[in-house]
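Everything on this sheet refers to the single structure shown next.
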Amino acid sequence: MNKQFLFEILELAEKHCGSDFTRKLLQIRTERERILNNVWKKEPLPEDLSTYQKEIILRDIDFDTIIHHAAKCVGKDENNMFLFDVAQVAIKHGEFGRGKELLLVLLKTVGQKSLNLLADILRKLGNIEFYTNNFKAAYKYFEKSLKLFTKIGDKAGIISIKNVVGALLVEEGKYYEGEIRFIQVRKMAQEIKLNDMIAKANMNLGNIYIIRGIYTEAASCYKNALDVVANSKDKDLLTNLYLNFAICYKFKGDFKIALEYLGKAFDQIKDTNNRYQKGLLYLIKAEIECVSGNLSAATALVTSAFAIFNETGDRLSTAEAYKILGMINREDKKYDIALSYFENSQRIYTNPFYIAETQVEMAHLYLAINDRVMAKKVLTQAVKSYEKIGATSKVEKLRSVFGNVL
């Protein structure tokens, strides 16, 4: 648990409970930590605890103490809103377990009189399951949320659920269904001038075009998205846009522009401290550094990303980290280690596009060790995956690069 997360939770509590709240909490914390540290110095512990583990214990106690004392100074309805706000902050910082725990508590305590809040709680639970790759659970929460948004006539809520279900379809490899859903979402959002959702739909369409290797179309979608939210206060949305621009230019091989967009994304993250997005930024930059021959820098970046996604439980992003670790070790001529990383990546991935991307990198490895049989095998599998999702330009590129193998 990072200190910035705790600081933001304490700020939220102070808004609900008044300025004295922070002063009292800090007094309790100082005395509590003094007592614990004295005991840890004097008494042998049955289990050895590192300084890092002790720090985690102290921060966990801080979190629970803030939540407990805030509940005592506000009414039930206000406390529900406080807990919901805390859950949103938790999601932003990649504290998905804590966010989910709070939202499940709210699911039991929020009554039918607060259908808007109930629908939002279900949507956030769906988001957490999505981020941690539990797609079946995500679908169930989104379906329940959609029913409530439909019941109360919340058009913005309905559109947001349809958009994220489209993203789920894409993650499952159902690109055509996802594309149709995003086009519908964009049309619905344009009808009620919902700029954020217009931008998200365009961004998601751009992501599909990247998967198919149509980079000019992808960049156009991102530009259209940016045009409608250029002055938005939603820094997380702007960060995602800049990250996707960077991915697009990375695939095009224009690393200079890709790094410029990563710089813009990082400027936003400095304000939001969104840990999940920080991990994505590290991944993209790590791959660029690897391809550019800066293997030490690439390793530092990808291991930082790996740590974040391991903490948050995002296995698909972990699989991408494995792929990049494989690329780094291949370039460093550590072929056995590289292959083990690639195999880990391929084992975790279920999406045909990402499996194919890993297989292409494996093909480069097999050619480096003069194993043309295995190179042809994984390339043939990659071609089938690309053809399955309509990525014809990807297939054409493979045939031009590996024409003497395929």
Side-chain angles (χ1 to χ4, degrees), residues 12 16 67 71 74-92 96-172 174 176-205 225 228-229 232-234 236-237 240:
L12 276 175
H16 285 270
I67 299 300
V74 295
K76 180 183 176 182
D77 290 343
E78 190 176 354
N79 188 54
N80 285 341
M81 288 308 304
F82 168 66
L83 293 180
F84 182 73
D85 290 341
V86 171
Q88 291 192 90
V89 174
I91 293 171
K92 184 186 81 171
F96 296 136
R98 292 189 182 280
K100 183 176 179 179
E101 183 182 340
L102 292 172
L103 291 168
L104 288 174
V105 169
L106 285 171
L107 207 55
K108 296 176 181 177
T109 60
V110 173
Q112 292 295 307
K113 292 181 180 179
S114 304
L115 293 183
N116 279 92
L117 180 56
L118 206 55
D120 262 339
I121 291 166
L122 290 164
R123 174 168 55 181
K124 295 296 180 186
L125 280 166
N127 287 341
I128 290 173
E129 299 294 358
F130 186 11
Y131 294 146
T132 51
N133 319 134
N134 300 314
F135 298 141
K136 286 185 179 179
Y139 269 122
K140 289 179 181 178
Y141 282 125
F142 289 141
E143 285 173 3
K144 291 177 182 178
S145 180
L146 181 59
K147 284 180 182 178
L148 288 178
F149 280 130
T150 303
K151 183 176 181 178
I152 60 182
D154 187 331
K155 290 184 178 180
I158 292 168
I159 293 169
S160 72
I161 295 296
K162 287 183 176 294
N163 178 68
V164 77
V165 168
L168 269 174
L169 290 168
V170 169
E171 287 296 335
E172 292 181 328
K174 300 173 183 176
Y176 293 107
E177 294 95 325
E179 183 178 10
I180 291 167
R181 186 65 62 98
F182 295 140
I183 291 170
Q184 292 173 341
V185 166
R186 182 171 62 184
K187 185 173 182 292
M188 293 170 68
Q190 286 170 337
E191 287 172 357
I192 62 172
K193 296 180 172 57
L194 198 61
N195 285 346
D196 281 7
M197 288 312 306
I198 294 170
K200 288 177 182 178
N202 273 316
M203 184 167 61
N204 285 328
L205 282 167
V228 296
V229 292
S232 174
K233 294 181 180 179
D234 188 343
D236 287 334
L237 175 56
N240 281 333

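Note that the coordinates shown come from a computational prediction; the quantities given were computed from them, not determined experimentally.
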Original post:
Can you name the closest pair of heavy atoms from Met197 and Ser160 and give their distance?
Top reply: CE-CA, 3.8 Å

**OP:** Assess whether side chain to side chain contact (heavy atoms under 4.5 Å, CB included) is satisfied between Lys155 and Met188, documenting all intermediate values.
**Re:** CA-CA 9 Å; Lys155 290 184 178 180; Met188 293 170 68; over 6 Å; no

Subject >> Close side-chain approach of Leu106 to Leu118, heavy-atom, < 4.5 Å >> reply: no

Subject >> Crowding at CD, Glu101 (>12 non-hydrogen neighbours, <6.0 Å) >> reply: no

Original post:
Which atom pair, heavy atoms only, marks the closest approach of Met81 to Leu117?
Top reply: SD-CD2, 3.9 Å

Original post:
In Å and rounded to the nearest 0.5 Å, what is the CD1 to CG distance from Ile121 to Asn80?
Top reply: 7.0 Å

**OP:** Enter the distance from Asn116:CG to Ile152:CD1 here, rounded to the nearest 0.5 Å.
**Re:** 3.5 Å

Original post:
Any luck finding a side-chain donor-acceptor pair between Asn163 and Arg181 under 3.5 Å?
Top reply: no

Original post:
Counting distance only, does the side-chain N/O of Ser145 pair as donor-acceptor with the main-chain N or O of Ala119 below 3.5 Å?
Top reply: yes

**OP:** List the atom of Ala156, the atom of Ile192, and the distance in Å for their closest heavy-atom pair.
**Re:** N-CD1, 4.5 Å

Original post:
Can you tell if the side chain of Glu171 reaches within under 4.5 Å of the side chain of Asn133, non-hydrogen atoms only?
Top reply: no

**OP:** Go through the steps for Ile67 and Phe82 under the test side chain to side chain contact (heavy atoms under 4.5 Å, CB included), then give the verdict.
**Re:** CA-CA 9 Å; Ile67 299 300; Phe82 168 66; 4.0 Å; yes

**OP:** Count the heavy atoms of every other residue, nucleotide or ligand shown that sit under 6.0 Å from CZ of Phe130, and state whether that count exceeds 12.
**Re:** yes

Original post:
What's the verdict on side chain to side chain contact (heavy atoms under 4.5 Å, CB included) for Arg123 and Tyr141, showing C-alpha distance, side-chain angles and the deciding distance?
Top reply: CA-CA 6 Å; Arg123 174 168 55 181; Tyr141 282 125; over 6 Å; no

**OP:** First locate atom CZ of Phe135, then atom CG of Leu169, and finally report the distance between them rounded to the nearest 0.5 Å.
**Re:** 10.5 Å

Original post:
Rounded to the nearest 0.5 Å, what separation is found between the CG atom of Leu205 and the CD1 atom of Ile183?
Top reply: 5.5 Å

**OP:** Answer with yes or no whether the side chains of Asn134 and Thr132 bring together a donor and an acceptor at under 3.5 Å.
**Re:** yes

**OP:** Kindly determine whether Lys147 and Glu143 satisfy salt bridge (charged side-chain N to carboxylate O under 4.0 Å, His left out), including the steps that lead there.
**Re:** CA-CA 6 Å; Lys147 284 180 182 178; Glu143 285 173 3; over 6 Å; no

Original post:
Taking all atoms of both residues into account, what is the closest heavy-atom pair of Val185 and Ala201, and its distance?
Top reply: CG1-CB, 3.9 Å

**OP:** Inspect the surroundings of NZ in Lys92 and state if more than 12 heavy atoms from other residues, nucleotides or ligands are less than 6.0 Å away.
**Re:** yes

Subject >> Residue pair Gly99 / Ala87: nearest heavy atoms and the distance that separates them >> reply: O-CB, 3.9 Å

Original post:
Do the non-hydrogen side-chain atoms of Ile91 and Tyr131 ever get within less than 4.5 Å of each other?
Top reply: yes

**OP:** Could you tell me the separation between the CG atom of Leu83 and the CD atom of Glu78, rounded to the nearest 0.5 Å?
**Re:** 11.0 Å

Subject >> Asp85 and His16, any side-chain heavy atoms less than 4.5 Å apart >> reply: yes

**OP:** Could you please spell out the steps behind the salt bridge (charged side-chain N to carboxylate O under 4.0 Å, His left out) verdict for Lys136 and Glu129?
**Re:** CA-CA 8 Å; Lys136 286 185 179 179; Glu129 299 294 358; over 6 Å; no

Original post:
Do Leu237 and Val229 touch side chain to side chain, with heavy atoms closer than 4.5 Å?
Top reply: yes

Subject >> Any Phe84 side-chain heavy atom under 4.5 Å of Val110 side chain >> reply: no

Original post:
Quick one: OG on Ser114 to CG on Asp120, what's the gap to the nearest 0.5 Å?
Top reply: 11.0 Å

Original post:
Looking at side-chain heavy atoms only, is the closest gap between Lys162 and Phe149 below 4.5 Å?
Top reply: no

Original post:
What closest approach, in Å, do Leu168 and Ala138 show between heavy atoms, and which atom pair accounts for it?
Top reply: CD1-CB, 4.0 Å

Original post:
Quick one: are Asp196 and Ser232 in side-chain contact, heavy atoms under 4.5 Å?
Top reply: yes

**OP:** Mind running side chain to side chain contact (heavy atoms under 4.5 Å, CB included) on Asn127 and Val164 for me, showing each step along the way?
**Re:** CA-CA 8 Å; Asn127 287 341; Val164 77; 3.9 Å; yes

